[in-house]
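This report refers to the structure that appears directly beneath it.
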Amino acid sequence: MDILSRRGRERLIKYICLLLTVLAVVPLLWIIGEVVYNGVSAINLEFLTALPAPFGESGGGIGNAILGTLIINAMASLFGIPVGILTGMYLSEYDRTSRLGSAVRTVIESLSGVPSIIFGIFAYSLIVLTVRHYTAIAAAFALGLMMIPLIAKATEESMKIVSNDIREAAIALGVPKWVRTTKIVFSIAKGGILTGCLLAFARISGETAPLLFTSLFSFYWPIGIDQPMASLQVLIYNYAMSGFQNWVIKAWGASLLLVIIVVSINVIVRRFAKPKYKAGV
Amino acid sequence: MSNSTKLDIQNLNAWFCEKHALKNVNVKIPDKEVVAVIGPSGCGKSTFVRCINRMHELIPGAKASGKALLDGVDVYGGMDVMDVRRKIGMVFQKPNPFPNMSVADNVVAGLKLVGTHSKKELAEIAEERLKSVGLWEEIKDELKKSGASLSGGQQQRLCIARALAMNPEVILMDEPTSALDPASTAKLEELVKKLKNEISVVIITHNVSQAARISDMTAFFYLGELVEFDETRNIFEHPKNPLTERYITGRFG
């Protein structure tokens, strides 16, 4: 094998990778571009703060849907993030081999593949049918359940790759296991766990199906978490299909806003959780 | 030469599932001396050392029986296991500083995670211990950097400082120089010799001449048995067992 052909092959592989990367990125940028292009004209102060205008009238905003999405996502995160992290911690640090552990692991893995509508129907039959009205609690429950497998898996994997040498160092210092798990292994794995949480958050921010069964929609400001609540997702779904020009533009604006919310939460959280040390695991 | 006994190990046996890894070992570790543990790979050196601070039992399927009396108190029964590990420190083959902590925090990690020391006390202990392992002058301007940013030899001395910060009575070292370059190894050997002014040191080594250089007593293990335990001078000049002689002269292992 002469050296030129090896270099040639090296370059070929590099350019194939580059080409495929471009193929992957172009549609993404396209979508974002389209959303920005169509949505930006809809955004103004009234759009952000006012209630929706009745069908057929121009003007109005989506303030209640923005607030609703924030409330529902916050409640879902409050439920899904702690449960997900503790489950992952259990699987990585307390139970790697037993039957219970592998059963939990299998359930987690299957749950992350379950279509979101199933979570919606589950929350619907469990909560909505019991209390006999649509409620944001059921929405947060469904979305929180969806977050758990994603976060648990990310936590388990991030903690598992922390070298055993580090655990032994803590053991040899006489540090109790729970301190070792929370203050050392968890702290080292934090970056990966955070990524998992943000991905889960982004995922639920785009889910519409579970919300149609649970929080449904409201044309008014949220008055209680046990009531139906407007959300950007359902608003986009309703408005985009309405065929009414004012609403279609608002659906584009709402889409843009959803993207902005997810991206800015991503940026803010990462800024605050910047690791002190860059050194590897 | 022998001082009083610090650690009296009686009828120690250890198993990995069915495998009998350590067979009826009896050793008296003297106070404030360096004991080298030598023997071919798989002879039970590491198991022996990990039985002393009760880390052996953490491996699934592993168990141990016998006594290890630290100043007359059995680490298997008379003491809380966390106390055992605080009084008997350990340094590993691969340097393992905590990558999520600064150099200074690494030194006092054990105290910080479980103790109630003030910030000022912790800073003083960190400085004192970094001085006693000879790192202070080298890294006093880098105390805020990550523990993992130091060189291998510095990391290993940092790990020793971390063990010393717990004020242990015995320190166990499992081949602490096998991942280090010759210069770092020499520094670490000097440190080991200095440490025995304060505490007992049990050091596993694959390097027979290192055992000869730094230890007062040497234990030779073979196939899970303690073949010979004597003053290092006797082991190297007049070994009683032909196996010991063959091993230290490099004819097997």
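Below, chains carry the letters A, B, ... as their sequence lines are ordered, and counting in each starts from 1.
For B/R50, the part sitting under 4.5 Å from any heavy atom of chain A is the side chain, from C-beta outward, and nothing else. Residue B/P95: no heavy atom, backbone or side chain, is found under 4.5 Å from chain A.
Contact residues of residues 57-84 of chain B toward chain A are B/L58, B/M82 (heavy-atom distance under 4.5 Å).
Listed here is the closest heavy atom pair of A/V175 and B/G110: CG2-CA, 4.5 Å. Between A/P176 and B/R86 the shortest heavy-atom distance is CD-NH2, 4.3 Å. When all heavy atoms are compared, the tightest approach of B/A163 to A/L173 is CA-CD2, 4.3 Å. Scanning all heavy atoms of the two residues, the minimum distance from A/I166 to B/P99 falls at CD1-CD, 3.6 Å.
Residue A/K153 places its NZ atom among more than 12 non-hydrogen atoms of other residues, nucleotides or ligands, all under 6.0 Å distant.
The residues B/K94 and A/E168 are annotated as not salt-bridged, no charged nitrogen and carboxylate oxygen being separated by less than 4.0 angstrom.
Per-residue heavy-atom pair counts under 4.5 Å with chain A were compared for B/M166, B/R162, B/Q93, B/M90, and the maximum is reached by B/R162. Interface check for chain A: of the options B/L113, B/N53, B/I88, the most heavy-atom pairs under 4.5 Å are formed by B/L113.
Counting only residues at least two apart or on different chains, no salt bridge (Lys or Arg N to Asp or Glu O under 4.0 Å) pair has a member in residues 176-188 of chain A. Pairs of residues two or more places apart, or lying in two chains, never qualify as side chain to side chain donor-acceptor pair (under 3.5 Å) while including a residue from residues 77-86 of chain A.
Remark: B/N167 engages B/R129 in a side chain to side chain contact (heavy atoms under 4.5 Å, CB included) (not counting sequence neighbours).
Put simply, the side chain of B/N96 gets close to the backbone of A/D165: a donor and an acceptor are under 3.5 Å apart.
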